[in-house]
Structures are given as C-alpha cells and as structure tokens.
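Working notes for the structure below.
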Amino acid sequence: MSVVLFVSLWRFPLPPAHGSHGKIGWEALGAMQYALAAAQATGGVVVSACIGAVASKQIPHLRVTVRSLSLLLTSVFTPALLFDHVANGVTFDLVTGPSVVLMFFSLVANAIGLSLGYVVGRIFFGPRLAFLVSIAAGFQNTIVLPVALISSLRVAWMNQESMDRAVLFTFIYNLPVTVSMWSVGNLMIERAAEAQAHVEARHEAWLAQHHEMKAGVGAANDTGGATSDKGAVTPEPLVSITEGSGPSGSSPSALPPPSSATIMGTPEAEPRGKETLTKRKKSLTLTVVDSLLNGPLLGTVLGLACGVGGVNRAVFEKGGSILFTSTFHAIAVLGRACVPGSLLVLGANLSTAPSSPPPMESSVVADGAPEQPPSRNPPATLALILTIAVIKLVVSPLSCAVMFHVLATTWWPSLLQDRIMILTLFVELAAPSAIATSLLCNIHDFMPATLARCLMFQYLLVIPTSATMLFLTLWYLDVMTPTPTATA
C-alpha cells in the first residue's frame, strides 16, 4: 500500500489549496501525521503486551493462570464493555441507510478474511493452521485504531459534529464483527481445538496399546512362547498398520493411525444407525446453542436492545432509580478492565515459547507408529505472519473498497453523498485483527502463543498500511464526492 501511496502522489500532485473540490492541502494529507496517529493507537497495544510478557515471568503455573484470566475476561469484563459501548453508542436514530451499508460491508470483510484465510492457510500451511489463519484474518479490531485515526483528522469539512457521527458509525460497524466473532469464531476455534484433542487422544491410545502389547510379547518370549494349560493367554494381536502386515503378515501389530480427516475435526466412521444419527444431531445442536449462549454475545444483544429502546437515556437523562443508575455505572466500571486485561493476556502468551512434540522412541517408530500430533503452539514463522497480515491489511480492505466503488457508481449513486460514512467504512476496513481472538484461543487452548506473535507483528505493520489507507481515502473523497460547505 505504501507503493500505491507514492504512485498516487506522483500521478496526482496535491496543490497547497484547502477545502475545494479536487484539491487537498498538504497539511490535511500529511502521511506522517496519520502514521503518528496510528503509531500512538497501536503503541499502547504493543507496550501493554510487552509489560504483560515481562510480568508473566513471575507467575507460577502460567498457562493455568492465563486461561483462568481469559475465562474471567470473557464471562464478566468483555460482556460489560460490549454492553456499555453498544447501549451508549447505538440509538434508534442511527438505524438508517448508511448504517445498513456499514454493517453489510462489515460482514463482507469478515467473510473475505475468513474464507480467503482458510483457503490460503490450507494450501500453504495445512488444515490445522488454516483455522488460525482464517480467524486472524477474519475478525477486526474495530474501535481502537479507527477512532484514533478519525480523531487525528484536520480537514475543513470535518467539524466536531461530523467527528462525533463518525465515532458513532464505528460502533455500528462493530456490531456484526462482535456478533460473528463470538458466535462463528467461537464455534470455529472450539471445533479446531476438539479436533486437536481427538488426534492426541488417538495417538496416546495407540502408544498405550503398543507398550501393552510389547510387554505381553516380552513375557511370552521369556517363558519360551508357550501357553500353559491353566489359562495363560498370549496377548491378542491388534490390527496392523505396517506395510505387508495383517492377518498373514509377520510384523508386530499396532493400532491404525489417525486419518487426516481427524485433523479437520471429522471423526472416524461410525455405524450410521438411526439412534447414532439422532445422537449426533442432538450433540451438534447442543454445541451450537452452547457456543451462542456466551457472555460477550449476550452483552451485545442486551446492549443493542437498551440502546435502540432508549433505556440508557431514560435512566441517565430523565432520571432513573438509584438501582438502575448504580447498575449501569457498575457495568461501565467493569468494562474498563477488559482492554488492559486482554492486553496482559496477549503479553503472557508472548512469553510462552513455541513447542514441538517430543521425539518418539526408535522402537515405536520402527513398529509403524502413526504420525505424531502437532504441537499446541507451533512456531509463528515469517511466512505465516506475512500471510495473515497481507490478507487482513491489504487484500481484504482493497477488495471491499473496490466493491463499494462499483456499487456506488453503478447501482447506488447516493452513497457518494455521505462523506462521513465512506470515511468510517474505509478506515474500519484497514483495521488489524481483534485482540479478543487471543482470549478465544486461550479458553480453548488452541495455539494461543502462535496467534499472539502473529498479532504483535501485525500491529506493527498496520502503522504504514492504515496511514496509507487514510491518505487514499481522503483523496478518494475529494475526487468522487461533492465538497460540503465548511462549518465551524
């Protein structure tokens, strides 16, 4: 995107005029100004995470502590924060055409990141890491960086009323992201973690039966391989997985290895009787319902009901009972602990070193052992980090921007009349991955350290990409939209 910025500067030179159509002042489009605003917004994330990484060195039983803190954050502090933001930021007056456009493109950006991330991740990194790439590339941090960038703007047509409207639009854009992350994202990570546990359980079962069989064969060899008449039984052979073995083979027997389908969360084939199918349907229904009935999602829904229904205004503006006022204040106080707590959890994950499964014994390998299950925290390679960053910070925002341009110039020209909506949309599209995905990975123990490293590098890369996106957004607004009358 930086290349696009310099090409646009060379192709479309910017005169020092200010506020007229087709001309944007250098003081309004100083790329360094927006880069500094992005650095300030993301710098707090990076510094807080580093503090968490250093402080976590003193915590005993770090993994258990971090997981417990993640559960507390997702069950108490995150629902409180979402309820407070949505209830105070979303009103019935905002449910208009521009809001629908913002929510639509919010879902489109999520869908592009999730689908493209999964496909690219599966091709280059395997089915298991495909879930990680999909989740990291799909869900956005829609509040911290966009609000900081919008607040840094200094243009003639952007007064305080317009800025307040843009900030409210960020909460509208955030609604589909929050709902999809805590429903679809939670279910995806849970299923991926279950698939990993299934592979590990099958591998441990194979090793246990392998050692049991070896012990039985060794005992039989010590007695000459003879079976006494009093009931001593030679261990019964298991199904062999080695080439040339089986009922007629002579090599030691073993359990069948886990198939590649188990890594994708597809269980081994079972008898498909009517009872089995009924149990599967009930289990799937319970899993979906359990994933949807989580604190953050319920907090968002209740906050939306209170905001649209005007409950907050009735409590604070018209004067409500002490009970209601105290309750809303308590929720706001609890919500303020969510962001710093999440950043400390992210830092604690950074302090967890990537791990590799211990090597198997040579005798176990020689007997045809199945492939070892992958590590729960594989290394965050440069290729993995850059793949997620390119999809999230470049491909997804540019794709949505092109879609909006086609929609606005062919079917819906009135969209180009609302500069504030376009500004908010393009800035939101350039946002990095959500920190809350780290909480989900901690709760389900699904590669939390790997994701934390990918997020940290992405928050460093977002500084030039978001500044460039804002620069090009203002250029697009100046060229494609009518110039509003400057107001004080």
Side-chain angles (χ1 to χ4, degrees), residues 41-42 44-45 47-49 51-52 66-91 94 106 139-148 150-151 164 166-183 185-186 292-317 320-348 428 431-443 455:
T42 59
V45 173
V47 172
S48 300
I51 293 174
V66 169
R67 189 171 186 272
S68 300
L69 179 58
S70 299
L71 289 170
L72 183 63
L73 284 167
T74 54
S75 59
V76 179
F77 299 116
T78 301
L81 176 69
L82 293 173
F83 177 87
D84 183 54
H85 279 184
V86 175
N88 291 312
V90 179
T91 62
L94 287 176
S106 174
F139 303 111
Q140 300 171 275
N141 185 341
T142 56
I143 300 296
V144 177
L145 182 63
V147 171
I150 291 172
S151 301
D164 293 341
V167 172
L168 290 177
F169 273 154
T170 61
F171 292 109
I172 294 293
Y173 185 94
N174 177 63
L175 282 176
V177 176
T178 301
V179 172
S180 59
M181 178 171 59
W182 291 103
S183 56
N186 183 39
L292 294 179
L293 293 179
N294 58 71
L297 191 57
L298 293 177
T300 303
V301 173
L302 292 176
L304 183 62
C306 290
V308 174
V311 176
N312 270 26
R313 278 183 286 179
V315 170
F316 292 106
E317 295 180 8
S321 65
I322 296 179
L323 177 62
F324 279 102
T325 305
S326 301
T327 301
F328 278 94
H329 277 304
I331 292 174
V333 170
L334 290 173
R336 295 190 192 105
C338 177
V339 174
S342 300
L343 294 177
L344 292 178
V345 167
L346 180 66
E428 287 282 8
S433 301
I435 298 294
T437 53
S438 178
L439 295 179
L440 287 173
C441 288
N442 269 306
I443 292 172
L455 291 181

Kindly give the heavy-atom pair with the smallest separation between [X] and [Y], and that separation in Å.
X	Y	result
Val179	Thr300	CG2-CG2, 4.2 Å
Cys338	Leu73	O-CD2, 4.0 Å
Phe139	Val177	CD2-O, 4.4 Å
Ala434	Leu455	O-CD1, 4.1 Å
Gln140	Glu428	NE2-O, 2.8 Å
Gly52	Leu344	CA-CD2, 3.7 Å

Heavy-atom distance under 4.5 Å between the side chains of [X] and [Y], does that happen here?
X	Y	value
Pro146	Tyr173	no
Thr170	Val167	yes
Leu81	Arg336	no
Val47	Ile51	yes

Can you sort out the partners of [X] under side-chain hydrogen bond (donor to acceptor under 3.5 Å, both in side chains), two or more places apart, ordered by chain and number?
X	value
Ser342	none
Asn174	Thr142, Thr178
Ser70	none

Just how far is it from atom [atom1] of [X] to atom [atom2] of [Y], taken to the nearest 0.5 Å?
X	Y	atom1	atom2	value
Asn141	Thr437	CG	OG1	9.5 Å
Met181	Leu440	CE	CG	6.5 Å
Ser180	Leu297	OG	CG	9.5 Å
Leu439	Phe77	CG	CZ	12.0 Å
Thr78	Trp182	OG1	CH2	5.0 Å
Arg67	Leu72	CZ	CG	13.0 Å

Strictly distance-based, threshold 3.5 Å: is any side-chain N or O of Asn442 a donor or acceptor partner for the main-chain N or O of Ser438? yes

In sequence, state the C-alpha distance, the side-chain angles, and the governing distance for Phe171 and Ile143, and then conclude on side chain to side chain contact (heavy atoms under 4.5 Å, CB included). CA-CA 7 Å; Phe171 292 109; Ile143 300 296; 3.9 Å; yes

